[in-house]
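Below is one structure, written out as structure tokens; comments come after it.
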Amino acid sequence: MAAETDPPNADLSAPARRILVTSALPYANGPIHLGHLVEYLQTDIWVRFQRMRGQRVLYMCADDTHGTAVMLSARRAGVTEEAFVAQVREEHLADFDQFGVEFDHYGSTNSDANRTLCERVWGALTAAGRVEERTVAQLYDPAEGTFLADRFVKGTCPKCGAAEQLGDSCEVCGAAFEPTDLIDPVSTLSGATPEVREAPHLFVTIEPLHDFLREFVSGSPDGGAGAVPPEVANYLKGQFLGDPSDPKELRDWDVSRPAAYFGFEIPGHPGQYWFVWFDAPIGYAASTLEWCETHGENFEDWWAADASSELHHFIGRDITYFHCLFWPAMLKTAGMKLPDQIHVHGFLTVDGAKMSKRRGTFIRAAKYAEHLDPSYLRYYFATKLTPRWDDFDLNLGDFADRVDADLVNTVVNLASRTARFAKPTGLSETYPDDGGLFAAGAAKSERLASLYEAGDFAAVTREVLALAAAANKYVEDAEPWAMKKDPAKAEELQDVCTVALNLFRQAAVYLAPVLPELAAKTEALLNCECSSWEAAQAPLTGTPVSKFKHMLTRVDRAKVSQMVEESKAEHAEAEAADAPAATGGKDYIAEEALEPECTIDDFLKVDLRVAEVLESEAVEGADKLLKLKLGLGGGHTRQVFAGMKKVYTPESLLGRKVICCANLKPRKMRFGVSEGMVLAAGAGEPDIYILAADDGAQPGMRVH
RNA sequence: GGGGCCGUAGCUCAAUCGGUUAGAGCAGCCGACUCAUAAUCGGUUGGUUGUGGGUUCAAGUCCCGCCGGCCCUACCA
């Protein structure tokens with residue numbers, strides 16, 4: 001946990017800011033994975049930066065423990081919910097620890113502090129007349145004894161008849177409906193047939209706060225800044241708030257769930273529990289309350305409406321709605337501190353695609369740390385993080401290249417190529433002429449600080465790397481290795497190393513929020529302090545240099561692949577364990593219903609031929625398309641575009657015999673005309689399996 | 001169905017308010033060097049800025065259509 005004492009303030013004339021920072025609470029129903037880490041690392045970097053600048057920061061987080069999913073997981077595991085979330089908590093904390101994410105306090109939404117604050121907020125909502133009770137009809141699972149959220153019900157679409165559709169919409173025809181409309185609904189929890197039951201629910205009205213919320217997100221007319229970036233404000237206006245001239249009505253929010261539900265029972269409403277999304281954000285405050293109680297601080301100094309502190313939330317863009325509308329509405333009504341800024345980040349993709357368990361790119365934090373140095377990931381994420389909510393990609397090849405090239409070859413190289421020369425003498429007593437390099441780096445201080453402040457870590461790493469690159473050039477030009485051979489140039493050698501090591505240290509200080517371990521190793525090497533921002537302002541002189549030890553090893557590509565392979569294997573095991581035995585596998589016919597009966601004449605209209613893939617290339621600018629030239633014998637060829645690039649590489653198809661529909665009407669596509677279709681099984685990526693003919697089949701033969 | 005965001009070199013990203021010939025790193029190629037973790041330094045190849053229109057003296061940037069991706073949301077719009 002972070003030090004409580006205030007570090008020296010960067011700007012001695014200004015009092016330190018008091019900043020309360022949160023990351024969204026991870027749900028206590030699963031492990032932390034690389035997608036989660038985007039947010040915790042982003043927040044941790046920002047927090048560490050603020051601390052280096054002398055600000056007073058509280059970094060608060062907690063496990064989000066309530067809800068149906070946790071309740072069911074606990075049942076399945078045969079333990080109480082409390083025992084279940086306690087176990088998950090240990091795992092989460094271990095993961096955060098490995099990645100250097102340092103919270104001041106990590107609470108739980110299932111705590112007395114949270115219950116107390118939920119009651120306080122609830123009391124305020126009730127007193128303000130914002131709470132209404134209404135009856136809601138919902139599907140109920142008699143076997144599990146719980147009401148079912150939409151995603152826990154499957155059934156046949158009432159509109160198109162497609163089977164196995166989830167409770168709220170149909171993937172096949174796109175229809176939207178209520179789960180109670182489903183034909184033959186089945187609980188995915190127990191397999192039981194759910195019954196429709198009515199239960200009272202409590203709703204919170206936020207429409208009266210419409211004007212307040214508009215001002216909150218986009219700023220006040222008198223020039224006050226909004227709490228969210230412009231694109232987020234646009235989204236909220238477009239989706240929920242509308243224009244002042246054409247406002248949309250904000251819907252009431254259903255904040256209760258009937259028993260059985262793992263959560264807090266609502267005072268005065270026996271059998272009704274606060275919905276997990278109601279108590280989750282209150283967990284930010286509850287965590288602070290617990291911290292205050294053990295640190296002799298006053299909770300109101302951080303959470304009262306007029307508290308002089310700042311409140312910053314870091315969230316993913318999927319939960320923008322809750323944090324930017326409901327949450328401020330709750331706080332406003334409860335007379336509590338409003339967020340000053342909500343930092344919204346995008347999602348992580350891996351190798352250009354959504355994280356996929358099947359492909360092994362759904363990687364747990366713990367699995368990553370088994371194989372690779374967490375510093376790599378902290379750095380790589382930093383090179384990608386901006387204040388915008390764009391998604392960004394963890395390209396595993398690029399990841400390894402980038403870490404090696406930037407950190408090992410450029411930054412650490414500065415130390416490793418000169419520390420040995422400097423060890424016998426230490427650093428020079430006075431800082432030598434370096435052509436202005438150190439001063440130029442020092443002059444970057446405020447610019448880099450404002451980039452950190454704005455969350456533009458990508459720009460920070462770019463600029464610091466440019467400094468380190470210039471430093472390498474300095475060493476190259478000075479040729480210390482030549483001086484080493486000439487005893488008369490010992491002083492000159494010491495000077496060159498003094499410059500190189502100071503430039504290295506400057507970079508390490510600037511990168512310290514991202515790479516705290518590198519900063520610590522730099523402190524050990526140079527016997528100095530690297531934990532304050534001002535450390536980059538003045539060069540170090542006359543100090544001893546320790547024996548150089550490797551600070552960061554190159555990325556082992558084999559470990560990267562191993563990590564992916566093992567993640568893949570984990571998924572396969574989990575699937576095998578989940579699959580009910582001897583049910584004959586997945587019901588693909590239910591998933592994609594049979595077409596109406598056809599006659600032999602209908603079938604013969606489709607002319608299927610054996611074809612050989614003569615040419616195969618990926619289509620530039622298309623993610624899914626391969627352009628194939630098919631040989632049908634006798635000199636006949638066809639150009640066919642096939643949407644299977646994500647599953648088959650172009651080379652893997654060359655020379656293969658495939659089955660194609662040879663009389664399909666040619667279709668003009670963006671990249672050319674497609675004159676047929678290659679047959680493959682499966683509903684689409686990643687399930688695409690090309691049909692093949694047995695040996696002996698020749699191109700052009702018809703399939704009967 | 002509605003909305004938001006995104007699309008720039010093989011890869012990852014820059015480009016102030018619309019302003020010169022769209023830049024950088026990595027990878028590739030050529031050369032130099034050898035202190036350093038096959039590191040470093042110099043040079044160099046590589047772009048119809050997804051696509052088609054429009055506005056403008058000037059468009060990667062602004063407007064409209066289309067294609068593609070991600071997300072949110074919805075029997076309202």
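Naming convention: chains lettered A, B, ... in sequence-line order (proteins, then strands); numbering from 1 in each chain. Quick caveat: nothing in here was measured; it's all calculated off a predicted structure.
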(message) Measuring to OP1 and OP2 of B/U37, would you say a side-chain N or O of A/Arg420 lies under 4.0 angstrom away?
(response) yes

(request) Counting heavy atoms from C-beta on, name the nucleotide in B/G4, B/C71, B/C11 closest to the side chain of A/Trp389. (result) B/G4

(message) If I take atom CG in residue A/Asn409 and atom P in nucleotide B/C33, what distance separates them, rounded to the nearest angstrom?
(response) 21 Å

(request) Measure from the side-chain heavy atoms of A/Lys354 and tell me the nearest of B/C71, B/C11, B/G25. (result) B/C71

(request) May I have the distance from A/Asp373 (atom CG) to B/U37 (atom P), rounded to whole angstrom? (result) 18 Å

(request) Answer with base, sugar-phosphate or nothing: what part of the nucleic acid does A/Val232 contact at a heavy-atom distance below 4.0 Å? (result) nothing

(request) Please state the C1' separation for the pair B/C26 and B/C70 - nearest whole angstrom. (result) 26 Å

(request) Select base, sugar-phosphate, or nothing to describe what A/Leu465 touches, counting heavy atoms under 4.0 Å on all strands. (result) nothing

(message) Could you tell me how far apart A/Phe347 (CZ) and B/C5 (C1') are, to the nearest whole angstrom?
(response) 12 Å

(message) At 4.0 Å (heavy atoms only), tell me whether A/Lys484 reaches a base, stays on the sugar-phosphate, or touches nothing.
(response) nothing

(message) Once you apply a heavy-atom cut-off of 4.0 Å, does A/Met551 come out as touching a base, just sugar-phosphate, or nothing?
(response) base

(request) Would you mind telling me which of B/C41, B/U40, B/A14 lies closest to the side-chain atoms of A/Thr386? (result) B/A14

(message) Return the pairing partner of B/G1 with a 3.5 Å limit on both distances, Watson-Crick or G-U wobble; otherwise return none.
(response) B/U73

(message) Can you measure A/Asp401 atom CG to B/A38 atom P for me and round it to whole angstrom units?
(response) 15 Å

(message) Among B/C35, B/C41, B/C72, which nucleotide has an atom closest to any side-chain atom of A/Val475?
(response) B/C35

(request) Check every atom of B/C13, B/A36, B/C41 against the side chain of A/Asn472 and return the nucleotide holding the closest atom. (result) B/C41

(request) Could you please name the option among B/G3, B/U37, B/U40 that lies closest to any side-chain atom of A/Gln239? (result) B/G3

(request) With RNA chain B as reference, determine whether A/Tyr380 or A/Phe240 sits nearer its 5' end, using the nearest nucleotide of each. (result) A/Tyr380

(message) For A/Phe548 and A/Arg251, find the nucleotide of RNA chain B closest to each by heavy atoms; which residue's nucleotide sits nearer the 5' end?
(response) A/Phe548

(message) What is the distance, to the nearest angstrom, from the CE atom on A/Met355 to the P atom on B/C70?
(response) 14 Å

(request) Would you check if A/Met483 and A/Val496 make a side-chain contact, meaning some heavy-atom pair closer than 4.5 Å? (result) yes

(message) Tell me whether the side-chain N or O atoms of A/Glu476 pair up with the base of B/G42 as donor and acceptor below 3.5 Å, since no angle test is needed here.
(response) no

(message) In whole Å, measure the gap between the P atoms of B/C6 and B/C64 for me.
(response) 14 Å

(request) Give me the one residue out of A/Thr498, A/Leu427, A/Leu526 that meets side chain to side chain contact (heavy atoms under 4.5 Å, CB included) with A/Thr543. (result) A/Leu427

(message) Here's one to test your reading of the geometry: is the NZ or CZ of A/Arg134 within 45 degrees of the ring axis of A/Phe203 and under 6.0 Å from its centre?
(response) yes

(message) Looking at B/G60, which nucleotide sits across from it as a Watson-Crick or G-U wobble partner, both distances under 3.5 angstrom, or is there none?
(response) none

(message) Exactly one of A/Phe392, A/Phe457, A/Tyr40 should register a ring-ring contact (aromatic ring centres under 6.0 Å, His included) with A/Phe381. Which one does?
(response) A/Phe392

(request) Using whole Å, report how far CG of A/Asp556 lies from C1' of B/U37. (result) 13 Å

(message) Under 4.0 Å between a side-chain nitrogen and a carboxylate oxygen: does that hold for A/Arg388 and A/Glu231?
(response) no

(request) Have a look at A/Ala415 and say if it touches a base, only the backbone sugar-phosphate, or nothing, with a 4.0 Å heavy-atom cut-off. (result) nothing

(request) Report the nucleotide, chosen from B/U73, B/C26, B/C13, that has the shortest atom-to-atom distance to any side-chain atom of A/Lys384. (result) B/C13

(request) Could you please name the option among B/C13, B/U12, B/C26 that lies closest to any side-chain atom of A/Asn395? (result) B/U12

(request) Kindly indicate whether the side chain of A/Arg317 and the base of B/C72 share any N or O donor-acceptor pair separated by less than 3.5 Å? (result) no

(request) Take atom CG of A/Asp391 and atom P of B/C6, then tell me their distance rounded to the nearest Å. (result) 11 Å

(message) Whether A/Asp391 and A/Arg317 form a salt bridge (side-chain N of Lys/Arg under 4.0 Å from carboxylate O of Asp/Glu) is what I want to check.
(response) yes

(request) Sort out the partner of B/A24 for me: Watson-Crick or G-U wobble, both distances under 3.5 Å, none otherwise. (result) B/U12

(message) OP1 or OP2 of B/G3 versus the side-chain N and O atoms of A/Asn234: is any pair under 4.0 Å?
(response) no

(message) Using the P atom as the point on both nucleotides, what is the distance between B/C29 and B/G65, in whole Å?
(response) 46 Å

(request) Using a strict cut-off of less than 4.0 Å between a Lys/Arg side-chain nitrogen and an Asp/Glu carboxylate oxygen, indicate whether A/Asp401 and A/Arg557 qualify as a salt bridge. (result) yes

(message) By nearest atom, which of the nucleotides B/U40, B/C72, B/A14 is closest to the A/Thr410 side chain?
(response) B/U40

(message) Closest approach to the side chain of A/His550, judged atom by atom: which nucleotide of B/U40, B/U37, B/C72 is it?
(response) B/U37

